[in-house]
Visitor: 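Please find one structure pasted underneath; my questions will follow.
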There are 2 protein chains.
Amino acid sequence: MGEKNHDIFQAISDPTRRKILKLLAGKELSVTAISEHFPMSRTAVSKHLRILSKSKAVIVEKVGRETRYQLQPGALYEVREWLSYFDQYWDNKLAILKHLVEKEEDAANDLTAFKHRMDQENNKR
Amino acid sequence: MGEKNHDIFQAISDPTRRKILKLLAGKELSVTAISEHFPMSRTAVSKHLRILSKSKAVIVEKVGRETRYQLQPGALYEVREWLSYFDQYWDNKLAILKHLVEKEEDAANDLTAFKHRMDQENNKR
DNA sequence: ATTTCATGAAACCTTTTGGTTTCGTAATAC
DNA sequence: GTATTACGAAACCAAAAGGTTTCATGAAAT
């Protein structure tokens, strides 16, 4: 399986991996704990986790004899960024609007806050 | 190549296909026109187009002897939706900031542009 | 009518992907 | 100390992905 794969798009292209990411949302889980949710071998799940790890979508932490995986949502930023390019071409304006109203108002505020912090970061350099 | 593939995540996992989608943003293009942008055969590009078509990310229109492809951004909604699930875990602002810093100014500019679009959308309401 | 152009279908090839089973090893439990 | 647990590495495999070349066909141009 891909050893040099750092591509987040590739990482989330597999349904099993997408499911793993959702599983890890909020809680840190061990390999065995994760693999219990899937009808495949632990080893197979472990490989998926490696791929997710290479793409920085999760981070690894060794705790005793377990390997705990944790979600790192920041890696999804690249996808979000790519998607946003198409915002202007989105023909289904109602869909966008609905989305914005329901889910992205908070995000907008967060982004504003970021912008501020970014500016501060930039000024330091 | 995948004959029964309807998965938009799979469709956008390939960099060539992502580039094609950007190419098609705004303008309708023929197979030959599209393939001129890539270092591979026209046939290969044609296959990518079929995959994009199966995932509904583009629509086909026959015009005389050419086949014109057109972006259908609505297909990306599923991805957007999936991503939005992680919004709540994104409040790990340091992670995002880290990403931004790593990506330097470009990301910052993109963020600004994003913010702008958000404001515009919000003003419409 | 003939040639040229735009394209898809088919056959083919190599690499990658997603899975398996087996085995080794380090940490914990007994 | 021995057994058990948690895991990864390795070898292997079938299928899918991504590309190629060749050929057939329909539309447009000459």
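Each chain gets a letter, A, B and so on, in the order the sequences are listed, and its residues count up from 1.
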Visitor: May I ask you to verify if any side-chain N or O of A/H48 is less than 4.0 angstrom from the OP1 or OP2 atom of C/dG19?
Guide: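 For A/H48, the contact criterion (side-chain N or O under 4.0 Å from OP1 or OP2 of C/dG19) is met.
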Visitor: Quick one: A/D14 CG to D/dA16 P, roughly how many Å, whole number?
Guide: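 So the two atoms are 14 Å apart, to the nearest Å.
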Visitor: Could you state the atom-to-atom distance from CZ of B/F9 to P of D/dA17 in whole Å?
Guide: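 My rounded result for the distance is 16 Å.
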Visitor: Do the side-chain N or O atoms of B/Q10 get closer than 4.0 angstrom to the phosphate oxygens (OP1, OP2) of D/dA16?
Guide: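 Looking at the OP1 and OP2 atoms of D/dA16, neither is under 4.0 Å from any side-chain N or O of B/Q10.
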Visitor: Five pairs per end, C1' atoms only: what is the angle between the end axes of the helix from C/dA1-D/dT30 to C/dC30-D/dG1, to 10 degrees?
Guide: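 Taking five pairs per end, the axes differ by 20°.
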Visitor: Summarise how protein sits on nucleotides 23-30 of chain D as a single string, 5' to 3': B when a protein heavy atom is under 4.0 Å from the base, S for sugar-phosphate-only contact, - for no contact.
Guide: ----BSS-
Visitor: In whole Å, I'd like the distance from the NZ atom of A/K62 to the P atom of D/dT5.
Guide: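 So the two atoms are 18 Å apart, to the nearest Å.
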Visitor: Test for a donor-acceptor pair under 3.5 Å between the base of D/dG19 and the side chain of B/K47, counting only N and O atoms.
Guide: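 Side chain to base: pair found, below 3.5 Å.
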Visitor: To the nearest Å, give me how far apart CZ (A/R50) and C1' (D/dA10) are.
Guide: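 In whole Å, D/dA10 C1' lies 12 Å from A/R50 CZ.
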Visitor: In residues 28-41 of chain A, which ones come under 4.0 Å of DNA chain C, going by heavy atoms?
Guide: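 Residues of residues 28-41 of chain A under 4.0 Å from DNA chain C: A/M40, A/S41.
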Visitor: If hydrophobic clusters are built from ILVMFWY residues whose side chains come within less than 4.5 Å, do A/I59 and A/Y77 share one?
Guide: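 Each belongs to a different hydrophobic cluster.
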Visitor: Does A/T67 form a side-chain contact (heavy atoms from CB on, under 4.5 Å) with A/Y69? I'd like the steps, not just the answer.
Guide: CA-CA 7 Å; A/T67 308; A/Y69 284 87; 3.8 Å; yes
Visitor: For B/K56, look at atom NZ and say whether over 12 heavy atoms of other residues, nucleotides or ligands are found less than 6.0 Å away.
Guide: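 12 or below, so no.
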Visitor: What's the CD-C1' distance between B/E66 and C/dT4, to the nearest Å?
Guide: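 After rounding, the reported distance stands at 14 Å.
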Visitor: Is there a donor-acceptor contact under 3.5 Å from the side chain of B/R42 to the main chain of B/T32?
Guide: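 No.
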